[in-house]
Amino acid sequence: MTEDNITLDAEWTADRAIDITMNPEGVDRLAIVGPDTIDVDVPSVNFGISHPEDYTVYHWYLDGKVLDGISVSHELIPSRLCPGIHVLTLIAADATGIMYSCSKAFMVTE
C-alpha cells in the first residue's frame, strides 16, 4: 500500500463523539452502478448499488442536492438535467448504523 496524503474535515461539539472508519484504498464496500454517459432523450435511467443486501438506509444526492426516495436504487429522468457532467452521491447505512458514502460522475449528452 502506498502512502497518500488524505485530508479529512469534520465538525463536532464538545459534548458529542464522532467515530470515523476509512476503508483502505482499493476496498470498495459501496459503489453506485449505472451508465457513465446518458443521452438526454432517454426516458429514464436507473442507478443501483453494489452489495444492496449490506445496507438498510439510503440517501441519494444529485449535484449536492437531496433527491426524493430512500430506496436501494434511484431513477433519473435525463430530460430534466442540463447537458454536462453531474455527480450522483449515495450515503447508505448498514444494520449497525455505520454509514458509507460513494459518488459516481456521469455525463448527459444531447
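Model, not experiment: these values are computed from the prediction.
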Roughly how far, to the nearest 0.5 Å, is [atom2] of [Y] from [atom1] of [X]?
X: D94; Y: L30; atom1: CG; atom2: CG; answer: 10.5 Å
X: M99; Y: H59; atom1: CE; atom2: NE2; answer: 5.5 Å
X: Y58; Y: S71; atom1: OH; atom2: OG; answer: 8.5 Å

For residues [X] and [Y], report the shortest heavy-atom separation together with the two atoms involved.
X: I32; Y: L88; answer: CD1-O, 3.3 Å
X: A92; Y: Y55; answer: CB-CD2, 3.8 Å
X: S103; Y: V87; answer: CB-CG1, 3.9 Å
X: V108; Y: V40; answer: CG1-CB, 4.0 Å
X: V42; Y: P78; answer: O-CD, 3.3 Å
X: L76; Y: L67; answer: CD2-CD1, 4.3 Å

Legend entry - pair V33-I49: side-chain heavy atoms closer than 4.5 Å: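 No, every pair of side-chain atoms sits at 4.5 Å or beyond.
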Legend entry - Side-chain heavy-atom pair L90, Y100 within 4.5 angstrom cut-off: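 When only atoms from C-beta onward are counted, Y100 and L90 do not touch, as no gap falls below 4.5 Å.
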Inset, instruction - Just grab all the salt bridge (Lys or Arg N to Asp or Glu O under 4.0 Å) pairs involving residues 56-82, residues at least two apart or on different chains. - result: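 As it turns out, there is no salt bridge (Lys or Arg N to Asp or Glu O under 4.0 Å) pair with a partner in residues 56-82 once direct neighbours are skipped.
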Inset, instruction - Could you give me the CA-CA distance, side-chain angles and deciding distance for N46 and H74, then say whether side-chain contact (heavy atoms from CB on, under 4.5 Å) is met? - result: CA-CA 6 Å; N46 227 355; H74 197 80; 5.6 Å; no
Legend entry - A31 backbone acceptor or donor facing S50 side chain under 3.5 Å: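 Present.
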Legend entry - Short side-chain to backbone donor-acceptor contact, W60 and V72, under 3.5 Å: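 A pair under 3.5 Å: no.
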Inset, instruction - Identify, with sequence neighbours excluded, every residue that meets salt bridge (Lys or Arg N to Asp or Glu O under 4.0 Å) alongside D36. - result: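 If we apply the salt bridge (Lys or Arg N to Asp or Glu O under 4.0 Å) test to D36, skipping adjacent residues, the hits are K104.
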Legend entry - Sole candidate of V45, T37, I85, L81 that passes side-chain contact (heavy atoms from CB on, under 4.5 Å) when paired with F106: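 That would be L81.
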